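All remarks here apply to the structure that follows.
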Amino acid sequence: MTVNKWQALATVRVAGSQGTRLDLWRHHRLRFVAESGYLIDGFEHRPGVHPWQGEHLGKWLHAATLAWRMTGDQELRASLRNNVERLLATQLADGYLGTYAPDATFVARPENATRANAHDESDVAMAKRRGIGWDTWTHRYNLYGLLTYERVFPDGAVVDACRRMADLLVEVYGGDGADLTNYGTRKGISATTLLESIVMLYERTGDAKYLDFAEHIVERMEANPALRLMSTLLTGGGVVEPGEGKGYQLMANLLGYLGLYRCTGKRQYLRTAVNGWTEIRDKHLLVTGGPWTRHTDYNGNRECFARSEDFDPREISVEGCCDATWIQLCLHLFELLGESKYLDAAETTLYNSLHGHQHGDGIRWCYYTAPNEAKPTYADTIHCCASSMPRAMEMLASHLVGEIDGHLAIGTLAPCTVSLSDAFGGGTLTVASEFPADPMTEIHFEPQSARTYTCEFRLPAGVVLLQARVNGESASVALNGRGFYELRRRWGSGDVLAIEAVSELAMRTQDGENDGRWVAFTKGPIALAQKVSAFPDDEPFDGRSPAEALAMLELAADGSVRVGDTGIALMPYHLACTDDSGPRTYFKCR
């Protein structure tokens, strides 16, 4: 078994813009969804009204449990317990815990891809009529949510329910049973997301049959020519072809491979996940950190990865579920490897793309966004993306400060307070800053007793260190191999580590459709965009090179960025996303 290299310390409080966005979810959407009845209704009154209605309760349990760990909200605790008890009460004698009618469950119809017009997730009406295709998906999220809940609130009945679900899945799809990759959409990649949840159950129970089943799922994937994710990524291939490049599900499968590496130590599983992460970062991420997708003639729908030559900022999409699952993948890779680049990527996505999906009223979210659009489409409906993204927000909020190799590792400049473990003297540590608006930061140590250890800190993407001071005196810091700055000393109550840094203006280019080239801009980790209410015809950088475009940017006294004498102002991407306006993030250039 491979132990995580990085272990989180408990976050007590998150402030600043990250805290504001968390509170919007916790005080509004979290309760709005829980009180709607939609989470549990499909289980208590089968069949549900939507083919993947069952996913939402598991996702909510995951996010809400993480929220409770930080807030200790007793009303939320009661809601968690009530929903878990009601869910378990709907489990059938054979272990089934879905929302489908008896003749449409995965037990009754274990394979459906060979049927005529196998439903596509974009055709909800057909999916409802057929009533099949997303049943294993529901079980995947039931396992995920219940196991997260049980980790915080130990309960043998919850573990038993998870075992019974998994045992039924093993009975149907294990050994010489039905082929899981013939169930669900996109060549089976939706169904094989079960992998991560089955690994989680093995980690909880230690029962080898679940680990065997997880590796059996991998064997089934590799036996399917359209779904050879591991062998494709291990032999220099990309993420466009396996499972038709379905972004959300492909990354969820990579999470399963990481889980298998934790459990077995087999390097091919880790290499699969790392290669997939690198491929997505290098070829399929926007300047906002959003994994972009587009419907083409070689994939299935607008949620599938497309080739770089098909990039066009007004035609591509970022699905909110892709944002969330990308952040999860980054965080789990960081836990295992401790490299700063994974936190860089997760933080960039959170502060830009994901916050751009979230409306300021705390209720509405976008299913899709685009980097260039006149008006995002916010909705208060309970859809998959609005259920996924709070999970990523809560996960990142719990990955701010941790321990690695005996070091205190500060992974954020965002204002927050965390509990120090006994190894660091107990007490608390507080990060004080205006990040991401300004990276200048003070870290206040308030341990119960002084300790000597190495403290290391990470600078966000695009932030340059000017100087570090301890208690007002200049301190020498060294950049280690994982991308953190470190210094060793005896740390006691009242010590202050001051980080003097600056966010640099930078550009990023993207080639794409019809030999087009676009340029986008960042200030530190923040993507910049023009706020528009209708898409403008002007091209301020037409005929200019990216370097010439960057040279036109001027930083105003108020912190805004202006484009020479064009009258165009740039602001943080997510602030351009409102009811009445959208962002222009990419500009044509030479």
Side-chain angles (χ1 to χ4, degrees), residues 120 122 186 232 236-248 250-251 276 278-323 326 348-349 352-353 356-357 366-377 506-522 527-530 532 534-550 552 563 568 570 573 576-577 582-590:
D120 185 292
S122 63
R186 309 276 75 84
T232 297
V239 295
V240 174
E241 287 78 22
E244 295 185 346
K246 183 63 167 67
Y248 171 19
L250 188 147
M251 289 186 281
T278 304
E279 179 78 8
I280 294 167
R281 180 200 61 180
D282 291 349
K283 299 179 181 178
H284 303 280
L285 276 193
L286 296 173
V287 71
T288 63
W292 66 270
T293 56
R294 182 180 181 181
H295 191 193
T296 69
D297 58 3
Y298 52 78
N299 63 25
N301 66 19
R302 68 185 296 189
E303 299 170 3
C304 296
F305 287 124
R307 300 169 188 147
S308 297
E309 58 264 31
D310 291 314
F311 177 87
D312 183 318
R314 294 184 66 179
E315 300 297 332
I316 63 175
S317 299
V318 177
E319 184 193 9
C321 288
C322 279
D323 274 347
W326 171 249
T348 297
T349 304
N352 297 288
S353 188
H357 277 81
C366 291
Y367 195 120
Y368 302 108
T369 58
N372 289 21
E373 61 179 338
K375 186 177 180 181
T377 304
M507 67 178 179
R508 180 166 148 191
T509 59
Q510 175 71 55
D511 295 334
E513 192 170 55
N514 298 321
D515 296 321
R517 170 170 279 196
W518 291 265
V519 64
F521 305 100
T522 57
L528 301 176
Q530 178 188 6
V532 297
F535 209 78
D537 295 324
D538 65 313
E539 292 293 347
F541 307 116
D542 193 25
R544 290 183 168 90
S545 70
E548 291 170 334
L550 179 63
M552 291 177 63
V563 182
I568 294 174
L570 301 180
Y573 161 85
C577 302
R584 178 163 68 161
T585 313
Y586 284 83
F587 298 82
K588 285 187 177 181
C589 67
R590 172 166 53 83

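These numbers come from a predicted model, not from an experiment.
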Whether [X] side chain and [Y] backbone form a donor-acceptor pair below 3.5 Å:
| X | Y | answer |
| --- | --- | --- |
| Asn372 | Tyr586 | yes |
| Thr288 | Ser353 | no |
| Glu373 | Ala370 | yes |

Please find the pair of heavy atoms, one from [X] and one from [Y], that lie closest to each other, and give the distance.
| X | Y | result |
| --- | --- | --- |
| Pro242 | Leu250 | O-CD1, 3.9 Å |
| Asp323 | Pro291 | OD1-CD, 3.3 Å |
| Gly543 | Arg590 | O-NE, 2.9 Å |
| Arg544 | Cys589 | O-CB, 3.4 Å |
| Pro540 | Ile568 | CG-CD1, 3.6 Å |
| Ala529 | Thr585 | CB-OG1, 3.8 Å |

Quiz item: Do Asp310 and Thr296 get their side chains close enough for a donor-acceptor pair, meaning under 3.5 Å?
Solution: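 Asp310 vs Thr296: no donor-acceptor pair found between side chains.
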Self-check item: Distance-only donor-acceptor check, side chains Glu303 and Tyr368, under 3.5 Å
Solution: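 Checked: Glu303/Tyr368 side chains pair up, N/O donor to acceptor below 3.5 Å.
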Between [atom1] of [X] and [atom2] of [Y], what distance do you get to the nearest 0.5 Å?
| X | Y | atom1 | atom2 | answer |
| --- | --- | --- | --- | --- |
| Glu548 | Phe541 | CD | CZ | 11.0 Å |
| Cys322 | Trp292 | SG | CH2 | 12.0 Å |
| Arg584 | Leu570 | CZ | CG | 9.5 Å |
| Glu513 | Arg307 | CD | CZ | 13.0 Å |
| Ser308 | His284 | OG | NE2 | 6.0 Å |
| Met251 | Trp326 | CE | CH2 | 7.5 Å |

Quiz item: For atom CG of Asp538, is the number of surrounding heavy atoms from other residues, nucleotides or ligands below 6.0 Å larger than 12?
Solution: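 Yes.
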Quiz item: Would Glu279 and Thr232 count as a side-chain contact (heavy atoms from CB on, under 4.5 Å) if you check the C-alpha gap in whole Å, the side-chain angles of each, and the deciding distance to 0.1 Å?
Solution: CA-CA 12 Å; Glu279 179 78 8; Thr232 297; over 6 Å; no
Quiz item: Given Lys246, which of Val239, Asn299, Thr293, Asn301 fulfils the side chain to side chain contact (heavy atoms under 4.5 Å, CB included) condition?
Solution: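 Between Lys246 and the candidates, side chain to side chain contact (heavy atoms under 4.5 Å, CB included) is satisfied uniquely by Asn301.
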Quiz item: Relative to the ring of Phe521, is the ring of Phe587 parallel (under 30°), tilted (30 to 60°) or perpendicular (over 60°)?
Solution: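 Correct class here is tilted.
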Exercise. Quick one: do Ile280 and Phe305 satisfy side-chain contact (heavy atoms from CB on, under 4.5 Å)? Show the steps, please.
Key: CA-CA 9 Å; Ile280 294 167; Phe305 287 124; 4.1 Å; yes
Practice problem: Verify side-chain contact (heavy atoms from CB on, under 4.5 Å) between Leu286 and Ile316, making sure each step is shown before the conclusion. | Solution: CA-CA 10 Å; Leu286 296 173; Ile316 63 175; 3.6 Å; yes
